[in-house]
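The structure appears right after this line, and notes come after that.
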Amino acid sequence: MVGGPTQETDGGGDANTASVQAFPDVTQNVRVRFDQHRALDAIERRLATDPLRTGGIVEVTEAVRFADLDSGKEASLLRLGLLVDGLARLLGDGGVALYPVADRGLLSDTELTSNERMVLRRWSDDGLLEILPAGAPALARAGEVSALTGQPVLTRAQIRGYALRPTPGGGGAVQLVPVGPGPAPVPEQALRVLTRMWRCPVSDCPSFGRPGTGQSPPQLAQGVPTCPRHGERLTDAGARPPVVALVVRVGGLVRQRFAVAAGSPVVVGRAPDQRGAVALGPMLDEEARTWVSRKHVALELRPDGVYATDMSTNGTVVVGPEGRGRMPAGQARRLGEREILELTDGVEVARAGTATGTTEATAPGSVMTDAPTIAIRMPRNGR
Ligand SMILES: [Zn+2]
């Protein structure tokens, strides 16, 4: 781009960047709890039970007890973060989420702290964690989700997926080694189940009781769609609206995934204020922040594809097999399968799975940056 960006004056800057280091008199104990809280928040942002957002499935009871990963305490919820980081490195996708499954017994596991158990209950209530009835075979359910979504289970058990190995000398970093031929092909009948919306008779069921287009795969009990949390038979609530998964890439690395459904346009920008919008501000450096508008581009799913409308001050460039071109402002333009929207240098919006327009990709950031080293021993060198 030529010349400087046109500045917008909304003062939308960084989120709070103060750290506990600013308060040297804070006690070690308080600081550890504060860091743990921040690390669990970072992990929480990377958990989902909507396969559009996830890239792998994990059985949480197994994951929290991978003590030999870090030679730390018997059970720690922070280990989920090591798996999130391991999956992000494997996929080169710093926005990918994990699909966590556990049976209800985990919520009263006394090896976890009362705070960790409280966090797990909240994740379950918010639909970020799929809690099965006590004693239910959670690893088998993880395998079912894997079969229905084509995403691997991160486990040490002998099933198709990725084997977990501690990185030698990595002090907690996880290596994922592909095992077997990958997930089994999905039967036709099961795929049909995924094209419908389902409702659980239990009111406010976090998996099948809330409006929206994201949905967990139903459990198939002898072919009958069933709620994995409640064991209740699900009712068919109609065809699932078409959804396309898109990603935001910064510096060649996926930083966020989001879905666009028919009838629900999504605005992407530095600090859009709409519900369901994608806010890029925290992912951008100072220069990029001056180029990207508060509301930069709107994406919409129509019957014949994804449409983008430039709403920005400094413009949006479409990069595709036929070259680069500036989008006309304010006009919806159909986005080709392999086209990428460039909001500014290195900041892209594209369909999930498309190649980046940027040649140099950086390594994904860690969700464990704030994890207290006392709770579990942490990887060095930012791994
Ligand atoms: Zn339910």
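In listed order, ligands and their atoms are each counted from 1. Quick caveat, the model's predicted, so the values are computed rather than measured.
- Side chains of T113 and N115: no donor on one and acceptor on the other come within 3.5 Å.
- Between P100 and L129, the closest heavy-atom pair is O-CD1, 3.6 Å.
- Listed by chain and number, C200 SG, C205 SG, C227 SG, H230 ND1 are the protein N/O/S atoms closer than 2.8 Å to the Zn ion (ligand 1), with waters left out.
- Remark: R302 is positioned above the aromatic ring of Y307, its terminal NZ or CZ atom under 6.0 angstrom from the ring centre and at most 45 degrees off the axis.
- For the pair L299/V244, no side-chain contact is recorded, criterion being any heavy-atom separation below 4.5 Å from C-beta on.
- With respect to the salt-bridge test (charged N to carboxylate O, under 4.0 angstrom), the residues E130 and R229 do not qualify.
- Using a 4.0 Å cut-off between charged side-chain N and carboxylate O, R289 and E286 make no salt bridge.
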